[in-house]
2 protein chains.
Amino acid sequence: MPASDVAEQPEQPWSRRRLRSTNERLLLDRLRALGAASRAQLARETGLSKPTVSSALASLAAAGLVHEVGTQAPERGRTAVLYAPDPAAGYALGVDIGRGWLRVAVVDLDGTVVARADMRNRARASAALTDLVVSTARQVIANSGVDPAEVVHGVVGTPGVYDERQRRVRYAMHLPGWGRAGLVDGIRTELGVPLEVHNDANLAALGEYTYGVGAGSRLFAYILIGTGLGMGVVSEGRLFTGARGLAGEIGFLPWHGRQKPERLEDAVSGVAVVESARRFGMHGQLTAKAVFDAARQGHPGAVRAVELEGERIAHTVAAAAAVLDPDLVVLGGGVGHSVDLLLRPVRERLRALTPLRPRIAPSRLGEDAVLLGAVATALDTARDLVFERRTAGT
Amino acid sequence: MPASDVAEQPEQPWSRRRLRSTNERLLLDRLRALGAASRAQLARETGLSKPTVSSALASLAAAGLVHEVGTQAPERGRTAVLYAPDPAAGYALGVDIGRGWLRVAVVDLDGTVVARADMRNRARASAALTDLVVSTARQVIANSGVDPAEVVHGVVGTPGVYDERQRRVRYAMHLPGWGRAGLVDGIRTELGVPLEVHNDANLAALGEYTYGVGAGSRLFAYILIGTGLGMGVVSEGRLFTGARGLAGEIGFLPWHGRQKPERLEDAVSGVAVVESARRFGMHGQLTAKAVFDAARQGHPGAVRAVELEGERIAHTVAAAAAVLDPDLVVLGGGVGHSVDLLLRPVRERLRALTPLRPRIAPSRLGEDAVLLGAVATALDTARDLVFERRTAGT
DNA sequence: CGGATAAAGTTAAGGAGCCTTACTAGAGGC
DNA sequence: GCCTCTAGTAAGGCTCCTTAACTTTATCCG
């Protein structure tokens, strides 16, 4: 649910101005994909003529979006002048508001992190949380040395779903006070940066798709298992959000517990691991991590608890597989650290449950998935914005 | 899985020729949406100038894609000449291969059915089935009075999934012999019409989206319950197929039956209704329809069987809702006739299962959903093809 | 070392397609 | 009959792309 929705206008007339703009965009995208290229090379790759490439590139350079970055001698012939996108033409902000940690990063248009901070989130009220977010973000921007006005877009990841009309985050059970209306608007005005808010699992999926193990997947599901249970789906490179942004809320999948129907979230999340470990005879102050560690040592109760967790995850994967047909399912979140233990039971159980067995892999980005997803999303919009203002600015 | 995949080339240079083509396309699409319009009106709506509209429309008319259809006098001022797309510029073929029925229709570019046939499918072998399809399709084309060469595209709906590489339909358990390789190729060459093959539930979803109750939905799921169990998903107007075309194969959803884990398909489809009716005390030669009829008469065993079926459908809907977040779920297929009985138990059960409760509605198209979906899909491609060959033809 | 070759990039000419402006055509109101 | 208003056409100009020829600069090779 983007807070600043870019209205899609699918049917616009193609006047000459639009044509030029489209070709400049084509060249810029190509340059980003290649890193750096000469004008002759761009002409070959895009199918545009050499004069057109020269002139379009000149106007991109005048707008500050590209610049010369050196030369390259071909096998023989005149040395080529290489052009590359200017990473400093704009910056993007990524924020991950998690239950335990707040993470903020500023990236340039190349996607390179120029500043970052990870803070413990001890806020127990909405005011404290927004203050923490605003001050941390300001700090990070200051540390980056970037003019705040050059931070053209930001994306915030959080549990729950941002409701555009009510201007508040819904279903964010694990963040006290975070459901109040107007909080995001407050942060936005305090920072002076356009902000979107997205679900954390969705962003983690995008992060893992862009920078991690999901690259190139046609349909990719990221299952986030931690304090809660969520799933993000990336279809053909784009986030799949459903009708109201609630797609992937697999915590609500039907699940028949021991006594009564309950929510799958309560059966799969970290607490459930601890609970079943207790049931299998473990004692003391337990955390999910402790149970997994004990299982690694061979503690029989812990091993059984992990086994059970694996079966339940398999159930989750099977449901997602039957509905979505992903070619890759990535397990991340708190259990991400323990995927080595879970992979075998998950796969075994899956074999019994369904003939649809997508590839299953552990997260590569771990704790950074949400932040990197936020950054990737913000970057996308930031690139658009910087390109759009190109004409206005000159 | 389209058999003739239109390769997407997202990054093409926008030369002037492409620009003209895009504007002609824009005008044609607008005309289809409006039905008929004058050049001045088109200029106002598209933002193109009047001379441009005149010239583009003239070249569309020369290609036979549009023609004058009359005049309309405005409040005051000169009478306007109205243009409209020529429906006879091409035709599309839709085929629904079902277990009990084979349905074939030919439509013009307006989407009007110009000929149709519904035949009992008694084929028990692949040769008989392909023969039936080919002869029926030929017959329908002949009846339509259309030159077979003008049937530019066709879409076939069938249970299962067409595997492009193996050139055969997979997972089509209920059609004997239909899984053999090369059958579709045979039909294609016999008919001389380019054919795509799609899953029947997917097409039914598209049909219901295009002509039925799903119109305008952002994310729409069609659940087909009959001999088998399937689901089609339409997201933002486009079919959601998953990585390998298996999205919506909810027959494979995990389900814990009375003794052992089984496939949800066996618990929800028509046979399951009969089976539970038997368990609740009904006797004799039963069909799903008979059970529903008995329930309408108040037969207690039948009522309980229907109740149970409703609960299982609710389970299915809940799973789809948690993963996809649809704003509308349509129930169709064999049980479509009996949705009146099922809607209440489904909704009640759903309330207990999950807070995500999409709107649930019965199919409006009934038995025609698959055929109309095939027709709609074929029409889409046919319009593209006719537009593309516009230049080549002249 | 000088010419052949090859690639990068520029210049010049030409053309396609759109827009603006100015016009004609036709229909009603006063 | 004249004014006004809308539909549509004609002419000219502008933008931007392409082709083709040319310049520049590098390597290769005798």
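Everything quoted here is computed from the prediction, not taken from an experiment.
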Spacing of [X] atom [atom1] relative to [N] atom [atom2], expressed in whole Å:
| X | N | atom1 | atom2 | answer |
| --- | --- | --- | --- | --- |
| A:Gln72 | C:dA8 | CD | C1' | 12 Å |
| A:Leu57 | D:dC17 | CG | P | 13 Å |
| B:Leu26 | C:dG17 | CG | C1' | 15 Å |
| A:Leu82 | C:dG9 | CG | P | 8 Å |
| B:Leu27 | D:dG8 | CG | P | 13 Å |
| B:Leu48 | C:dG17 | CG | P | 14 Å |
| A:Arg39 | C:dT11 | CZ | C1' | 14 Å |
| B:Glu24 | C:dA16 | CD | P | 15 Å |

At under 4.0 Å, does any side-chain N or O of [X] touch on OP1 or OP2 of [N]?
| X | N | result |
| --- | --- | --- |
| B:Ser54 | D:dT9 | yes |
| B:Arg20 | C:dA16 | no |
| A:Thr52 | D:dT18 | yes |
| B:Asn23 | C:dC18 | yes |

Salt bridge (Lys or Arg N to Asp or Glu O under 4.0 Å) involving A:Asp384 - partner list, sequence neighbours excluded: A:Arg25
Results of salt bridge (Lys or Arg N to Asp or Glu O under 4.0 Å) for B:Asp368 - residues two or more places apart only: B:Arg116
Taking [Y]'s backbone N and O only, do any of them form a donor-acceptor pair with [X]'s side chain (distance below 3.5 Å, no angle check)?
| X | Y | answer |
| --- | --- | --- |
| B:Glu208 | B:Arg364 | yes |
| B:Asp327 | B:Arg218 | yes |
| A:Thr112 | A:Asp108 | no |

The criterion is ring-ring contact (aromatic ring centres under 6.0 Å, His included); which residues satisfy it with B:Phe240, sequence neighbours excluded? A:Phe240
Where protein sits on nucleotides 21-30 of chain D, one letter per nucleotide: B base, S sugar-phosphate only, - none, heavy atoms under 4.0 Å: ---BBBSS--
I want to confirm an ordering. Mapping A:Pro51 and A:Ala80 to their closest nucleotides on DNA chain C, which one lands closer to the 5' end? A:Ala80
Overall bend of the helix from C:dC1-D:dG30 to C:dC30-D:dG1 (five pairs an end, 10° steps) is 10°
In residues 57-82 of chain A, what donor-acceptor pairs under 3.5 Å come from side-chain atoms, sequence neighbours left out?
{"residue": "A:Ser59", "atom": "OG", "partner": "A:Glu24", "partner atom": "OE2", "Å": "2.6"}
{"residue": "A:Ser59", "atom": "OG", "partner": "A:Ala56", "partner atom": "O", "Å": "3.2"}

Side-chain donor-acceptor pair under 3.5 Å between B:Ser38 and B:Arg44, yes or no? no
I'd like to know if B:Glu150 and B:Arg389 make a salt bridge, using a cut-off of under 4.0 Å between side-chain N and carboxylate O. yes
Within the structure shown, what part of the strands sits under 4.0 Å from B:Ser38 by heavy-atom distance: base, sugar-phosphate, or nothing? sugar-phosphate
